[in-house]
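Inspection log for the structure reproduced underneath, given as structure tokens.
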Amino acid sequence: MKYIRFLHNQKICYGRLEDDEIVVIDKAPWLGSYSDLHRIKYDHTVQILNPCSPNKIIGVALNYPGVAKGEENSEPLVFLKSTSKIVGHNGTVLNPYSKTNVWGECELAIVIGAESSQLTPDNASDHIFGYTVGNDITAENLDGRDHHLAKSKAADSFCALGPYIDTDFEPKEQQIKGFHNSILLREGRLSDRLWLEKELLVWLTSWMTLEPGDVVLTGAPNRVRSRIYFEENDIFVSSIDGLGELKISFKNRNEG
């Protein structure tokens with residue numbers, strides 16, 4: 001099933017996609033049994049929002065072979081992103097930095113479906129609600145500092161998710177790509193990742209409790225050309241075969 005979070009008639013709702021209709025439901029679907037309320041047409045009156053409201057967003061870095069020699073790491077490298085002002089499909093990233101390079105990335109995102117602590121390889125998959133497409137927007141740090149620090153990763157709107165959560169999607173050999181203004185920047189296959197879903201969740205929940213609706217970004221594939229930095233009104237599309245496309249635009253807030 002495909003679930004969305006959307007704005008309709010000035011009200012934020014959750015719904016289940018069925019062809020050209022949305023079945024409006026009474027609560028976030030990862031919180032357990034829900035009730036169908038009514039159906040609406042999926043048309044221009046519906047504004048797609050980011051599909052969930054996580055308490056935590058965990059990013060995984062260096063998770064594809066060749067990305068900064070990620071294959072040499074003995075465990076995943078992770079960081080936290082802010083949950084403030086997550087961008088949805090066709091949304092806009094507002095850059096707060098006036099003189100800092102910013103770029104986009106394409107990633108598979110796991111949405112957690114149940115409280116998760118001390119998971120095992122046998123039960124980790126049972127705690128995944130579904131998957132969506134993610135964009136881990138990132139800025140350079142001053143003075144050559146590690147760009148996995150908070151100023152680089154956790155600004156308002158520096159995470160995009162969408163357009164929907166698919167509970168039937170199974171990560172296998174699907175292609176993942178990132179396009180900046182239609183220029184292919186990153187490309188790989190989900191099967192290339194060094195740490196897959198079970199491994200990531202078992203390791204993460206050995207020291208952190210994940211809650212329903214939390215998101216784990218599973219890393220960006222290799223660049224196929226030099227990095228391109230965002231400029232005003234640029235477009236970035238993150239795509240995963242069988243899971244859809246997440247499109248965002250970029251604007252400078254020019255606050256310093």
Side-chain angles (χ1 to χ4, degrees), residues 1-6 14-23 25 28-30 42 46-54 57-61 63-64 67 81 86-91 93 104-113 124-137 159-180 182 184-201 210 212-224 235-249:
M1 293 184 183
K2 296 176 181 178
Y3 292 95
I4 61 172
R5 181 170 165 267
F6 62 97
Y14 289 95
R16 186 175 69 248
L17 290 177
E18 292 187 359
D19 298 323
D20 61 348
E21 290 188 323
I22 300 170
V23 180
I25 59 179
W30 51 85
Y42 187 11
V46 174
Q47 179 186 343
I48 298 296
L49 305 175
N50 54 291
C52 57
S53 298
I57 302 171
I58 299 100
V60 181
N63 200 22
Y64 282 79
V67 179
K81 293 183 73 72
I86 301 169
V87 176
H89 180 55
N90 287 325
V93 172
E105 298 180 355
C106 50
E107 309 204 8
L108 175 70
I110 304 168
V111 180
I112 301 300
S125 295
D126 297 335
H127 288 244
I128 297 174
F129 177 74
Y131 297 90
T132 190
V133 183
N135 188 334
D136 171 25
I137 296 98
C159 182
L161 299 169
Y164 47 76
I165 300 168
D166 190 335
T167 59
D168 297 321
F169 183 80
E170 295 183 14
K172 292 181 179 178
E173 300 285 334
Q174 297 94 335
Q175 279 197 317
I176 177 172
K177 297 179 180 180
F179 299 87
H180 188 127
S182 299
L184 179 64
L185 287 190
R186 290 182 179 263
E187 183 177 22
R189 292 191 178 274
L190 297 183
S191 55
D192 294 337
R193 291 171 297 154
L194 302 174
W195 291 281
L196 302 180
E197 287 67 43
K198 289 183 181 180
E199 299 165 292
L200 284 173
L201 295 185
L210 301 178
D214 282 352
V215 169
V216 180
L217 299 169
T218 65
N222 289 321
R223 286 193 296 273
V224 296
I235 301 293
F236 198 100
V237 175
S238 307
S239 73
I240 298 175
D241 288 350
L243 194 56
E245 291 186 349
L246 170 65
K247 177 182 176 181
I248 59 101
S249 59

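Owing to the predicted nature of the structure, the values given are computational and were not obtained by experimental measurement.
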Partner of I86 under side chain to side chain contact (heavy atoms under 4.5 Å, CB included), chosen from C52, S53, P54: P54
Evaluate the side-chain proximity of L17 to Y164: yes if any heavy-atom separation is below 4.5 Å, no if none is. yes
So, the side chain of S238 versus the backbone of G178: is there a donor-acceptor pair under 3.5 Å, distance only? no
Verdict with reasoning, V111 to T132, per side-chain contact (heavy atoms from CB on, under 4.5 Å): CA-CA 7 Å; V111 180; T132 190; 4.3 Å; yes
For F129 and Y3, take the angle between the two ring planes, folded into 0 to 90°, and tell me which bin it lands in: parallel under 30, tilted 30 to 60, perpendicular over 60. tilted
G219 and E107 have their tightest heavy-atom pair at N-OE1, 2.8 Å
Taking the side chain as C-beta and beyond, is there a heavy-atom pair between N222 and E187 under 4.5 Å? no
Quick one: does F179's side chain get under 4.5 Å of L185's, heavy atoms only? no
Give a yes or no answer on whether the side chain of E21 reaches the backbone of E18 with a donor-acceptor pair at less than 3.5 Å. no
Residue that, paired with L108, satisfies side chain to side chain contact (heavy atoms under 4.5 Å, CB included) out of I240, L217, N63: I240
Ignoring hydrogens and geometry, is there a side-chain-to-backbone donor-acceptor pair from H89 to K247 under 3.5 Å? yes
What distance separates S191 OG from E173 CD, expressed to the nearest 0.5 Å? 3.5 Å
Heavy-atom side-chain contact between P51 and I4 under 4.5 Å: no
Closest approach of I176 to P221 (non-hydrogen atoms, all atoms of both residues): CG2-CG, 3.8 Å
Look only at the side chain of D166 and the backbone of D168, and say whether a donor-acceptor pair between them is shorter than 3.5 Å. yes
Any chance you could lay out the side-chain contact (heavy atoms from CB on, under 4.5 Å) test for E105 and I137, step after step, and finish with the verdict? CA-CA 6 Å; E105 298 180 355; I137 296 98; over 6 Å; no
As an exercise, state the distance from CZ of R189 to NZ of K177, rounded to the nearest 0.5 Å. 8.5 Å
Rounded to the nearest 0.5 Å, how far apart are OG1 of T218 and CG of L200? 7.0 Å
CA sep, side-chain torsions, deciding dist, call: I235, I248, side-chain contact (heavy atoms from CB on, under 4.5 Å): CA-CA 6 Å; I235 301 293; I248 59 101; over 6 Å; no
Point-to-point distance, once rounded to the nearest 0.5 Å, from CG of D19 to CD1 of I22: 12.0 Å
Assert yes or no for the condition that the ring centre distance of W195 to Y64 is strictly below 6.0 Å. no
Note, I112 side chain near V215 side chain (heavy atom, < 4.5 Å): no
Heavy atoms of L246 and G88 approach each other most closely as CD1-C, 4.1 Å
About how many Å separate CD1 of I128 and CD1 of I165, when rounded to the nearest 0.5 Å? 12.5 Å
Could you tell me if the side chain of R16 sits less than 4.5 Å from the side chain of K2, heavy atoms only? no
Just so I know, are the side chains of Q174 and F169 near enough to count as touching, which here means a heavy-atom distance under 4.5 Å? yes
I need the Y14 OH to R5 CZ distance, nearest 0.5 Å. 5.0 Å
Working note: I58 + L210, criterion side-chain contact (heavy atoms from CB on, under 4.5 Å); need CA distance, chi angles, decisive distance, verdict. CA-CA 10 Å; I58 299 100; L210 301 178; 3.5 Å; yes
Between E170 and K172, is the closest basic N to carboxylate O distance under 4.0 Å? yes
Check: L161 and V87 side chains under 4.5 Å, non-hydrogen atoms: no
